[in-house]
Amino acid sequence: MKLLNTFLIGATVAISSPAASPTFTVDASRPAGKVSPTLYGLMTEEINHSYDGGLYAELIQNRAFLDNAAKPVHWSLVKGDNSAATIALDSANAFNDKLTTSLRLTVTQADKKHSAGVANDGYWGIPVQPKTTYRASIIAKADSNFSGPLTIAIVSDDGKKVYAAGKISGLAADWKKFEVTLKTGRAMPTTKAHFVITMHQPGTVWLGLVSLFPPTWNGQPNGFRKDLLQMLADLKPKFLRFPGGNYVEGDTVETRFDWKKTIGPIEERHGHPCPWGYRSTDGLGLLEFLNWCEDMKAEPLLAVYAGYSLKGMHVNPGAELEPFVQDALDEIEYVTGDTNTKWGAKRAKDGHPAPFPLHYVEIGNEDWFDKSKSYSARFAQFADAIKAKYPQLKTISTIGNDQPENMRVSSRKPDMTDEHYYRSADEFLRMSPGYAKKYDRSGPEIFVGEWAAYETPFVPWDRRSQKEPPTPNLKAALGDAAFMAAMERNSDLIKMQCYAPLLVNVNPGGRQWRPNLIGYDALSAYGSPSYYAIQMFSRNVGDEIIATASTETAIQGCATRDSQTGEVFLKLVNPQTNAVSLNLEIKGVHALASKGSAIILAGNPDDSNSITQPKRVVPVTKMLRGVKPGFTYEMPPASIVVLKLETHP
Ligand code: AHR
């Protein structure tokens, strides 16, 4: 008896087959639905120093001195044998009611040759690049005996090299904002550097906020790291799900993502504790999320706080929940309203007059954790208010098919439900052939809002994960690819999907979770094999799903066709450690060109990428010859392959 995966999507039935060798069949005469044009997207939240110490290009850690109420962490005193100074937090001299403390620097001994001041160690170092312009901005005041200058510099950790320096003068008893550019010359790139502010004479200075940016993506102020944004844009995502994840919920109601506190000038943002164990500056706030979408040519998928926080607090549906519902409506207005609306006008004032597109609003995150079982009523209250004001918007329930039916929303029919899958690579390989097979095609639509394969024998939230590398290996990518193929086969119903988490700072103490898609330190970044698998899938997809079947093989896959050009994209995953001579049967196409191309990601399943070996596992593209309706393709061991076949529609 041979196993045959029939043309029924994902079905595996045991029937006799005459096929004697591994065969994968693509039947273009059997279109199996439309590929969702929004299938491939990204998910993000503040975790693993994704923004502060990651995508958000700010280089000064604890720039507003609010990270620790007891001491100015990440700041240290600079003084020598012939200079003397002290530093202390000073909440009696705060810049405003948002930046509620300052750093007081009192220099008691210094002269032309001997300086004293403060240093910041950045996010695991200040990255030095040659011939680069950095922009420092400093909110400061001074006592009446001192008006400057302050020397601002980027200095090597051993103190031997000054990579770039500038001066600010004119300090006074009132707070002022100073801007200075620092230009490096020829220098070897390094993270072994810090940022210093020093004085050459005695005096007292208060610092309210100290910020330093390298060149950002498109030169945007308060912008993004260029290398990371480029890597994200390269995935050609159609949407960005933000701001979480747990980050939207916060540990408590008080520490939720309170979007109104994340907009406006950075000196108006107090920041807040993020649920992943560190404080967020909120420098990457609501408008920056939206700009980020625009930069990637992706649409926002906005998650609104829905009255449940991680430590088990919930807000009762009804009057108590009403202010939170209003906050969500205001947030949608900030995103989409024109400039004669209150919040649209605020967005314009913040620098973006044009409204952003928005089609989906997710109400909360993983509300199956709410033991009070209030989600169905909370969902109804939010969905009704959103639909009343914005009937065109689709609402997403955070409880999907991966949760027991009795937990799901019963008060309303959500337009879409969100499923989360953190599974082992082996489990993804097992479940993918049958995934979504039994789902009701009449809806709700499905969003797989978080998923990732792990290669370890334990789950990502097990303590043992802390000893594993921050990003996954090729074995995990094979599981990811099998699951992506399943979602693509079912993308008539699975309208959107996104891997999570996206970003990780790989420095010790930088991360709270593994596996993650993209790793980085202050200077450089790399994609995991899973990153490349996603890139291969998202950049090579048609608009029609084509039926596929396989016999005598563990190879999984999917096929789509571009209805305009006729090009067929056949995606194949070989999870085995042996090569497979695969018979490919291509049916129902006109004039198959004999030349095509193959994009191949292959290696040892244990192989992975890292900061020191960023390109160990990367795709290669090869010419494909001898393509015909029946041909043999040699699938490499442990491989993910996209075959691009030219045909006429
Ligand atoms: O992706 C990490 C976390 O996993 C998300 O914040 C949360 O939604 C899920 O439990």
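We count residues from 1, following the sequence as given. Read the numbers this way: they start at 1 and go in the same order the structure lists the ligands and their atoms.
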**Prompt:** How are the rings of F428 and F483 set to each other: parallel, tilted or perpendicular (split at 30° and 60°)?
**Reply:** parallel
**Asked** How are the rings of W513 and W461 set to each other: parallel, tilted or perpendicular (split at 30° and 60°)?
**Response** tilted
**Request:** Could I get the full list of side-chain hydrogen bond (donor to acceptor under 3.5 Å, both in side chains) partners for K389, not counting sequence neighbours?
**Result:** E333
**Listed partners of R269 passing side-chain hydrogen bond (donor to acceptor under 3.5 Å, both in side chains), at least two apart** = E288
**Message:** My understanding is that only residues two or more places apart in sequence, or in another chain, count here; which of them pass salt bridge (charged side-chain N to carboxylate O under 4.0 Å, His left out) with D67?
**Reply:** none
**Item:** Heavy-atom pair with the smallest gap, counting every atom of R378 and L321
**Value:** CG-CD2, 3.6 Å
**Message:** Distance under 4.0 Å, heavy atoms only, partner ligand 1: which residues pass?
**Reply:** E45, G245, N246, W276, N365, E366, Y422, E450, P501, W513
